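Structure record follows, encoded as structure tokens.
One-based numbering, in listed order, for ligands and for the atoms of each. Predicted model, so just to flag it, every value in this text is computed and none were measured.
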Amino acid sequence: MGTKARELVGAEVKKIVALLNKAFADEWLAYYQYWVGARIARGHMRGAVVAELEQHAGEELKHAGMLTERIIQLGGTPVLKPEDWYKETNCGYDAPEDPSVKALLKQNIKGEQCAIDVYKKLSDAVKDKDVVTYHLALEIMADEIEHEEDLEALLEDMTQR
Ligand code: FE
Ligand code: FE
Ligand code: MG
């Protein structure tokens, strides 16, 4: 990062990089949870659910990329070992042990709600300190809000009769 840009972020750089890395770990775990869930899904409306899970997997991976880019800009290093994702994660990993589409949707809705919280807290933490990270957190949060909405709509369609 350039001198002026570093000056803007100031003394908080390390703390911000740590928060970004925790969100980065969440994104990889969310990515895999969606990716593997899409492959084992079973039941009613399977096609529609799989399409949504695959789309979200791609978007979580994109989020991981956006976070890495900012971590590197701030002079940090993204988490290098997958085993450390478990140490850094805020939201954890919910193995899709029940492959029914309803169970998958509920699990992933829970994950999205956690993700929304993570980006809300991140945006609050950096609001007056790092405007670039602030905008990044809001941009990702908007996607997570959409993810929750999409999954809840599918679950609703499924439970309505
Ligand atoms: Fe995400
Ligand atoms: Fe998401
Ligand atoms: Mg979607």
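Counting just the N/O/S atoms of H147, the one with the shortest distance to the Fe ion (ligand 2) is named ND1. Here the N, O or S atom of E60 that is nearest to the Fe ion (ligand 1) is OE1. The Fe ion (ligand 1) sits nearest to atom ND1 when only the N, O or S atoms of H63 are considered.
Between Y93 and Y86, the two ring planes are perpendicular [angle over 60°; tilted spans 30° to 60°].
Residue side and main chain included, E146 places no N/O/S atom under 2.8 Å of the Mg ion (ligand 3). Taking backbone and side chain together, E144 holds an N, O or S atom under 2.8 Å from the Fe ion (ligand 2). Within the 2.8 Å limit, E112 places at least one N, O or S atom next to the Fe ion (ligand 2). The Mg ion (ligand 3) lies under 2.8 Å from an N, O or S atom belonging to E52. Note on E27: counted as a metal contact of the Fe ion (ligand 1), an N/O/S atom lying under 2.8 Å.
The angle subtended at the Mg ion (ligand 3) by OD2 of D150 and NE2 of H56 is 100°, given to the nearest 10°.
Ion pair E59/K62 not flagged as a salt bridge, since none of the NZ, NE, NH1 or NH2 atoms sits closer than 4.0 Å to an Asp/Glu carboxylate oxygen. With respect to the salt-bridge test (charged N to carboxylate O, under 4.0 angstrom), the residues K127 and D124 do not qualify.
Residue-environment remark: NZ (K121) stays at or below the threshold of 12 foreign heavy atoms within 6.0 Å.
Rounded to the nearest 0.5 Å, atoms CD (Q33) and CD (Q107) are 5.0 Å apart.
Side-chain atoms of S123 come within 3.5 Å of backbone N or O of K120 as a donor-acceptor pair.
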Would you please test H135 and V131 for side chain to side chain contact (heavy atoms under 4.5 Å, CB included) and show each step? CA-CA 6 Å; H135 282 285; V131 83; 3.9 Å; yes
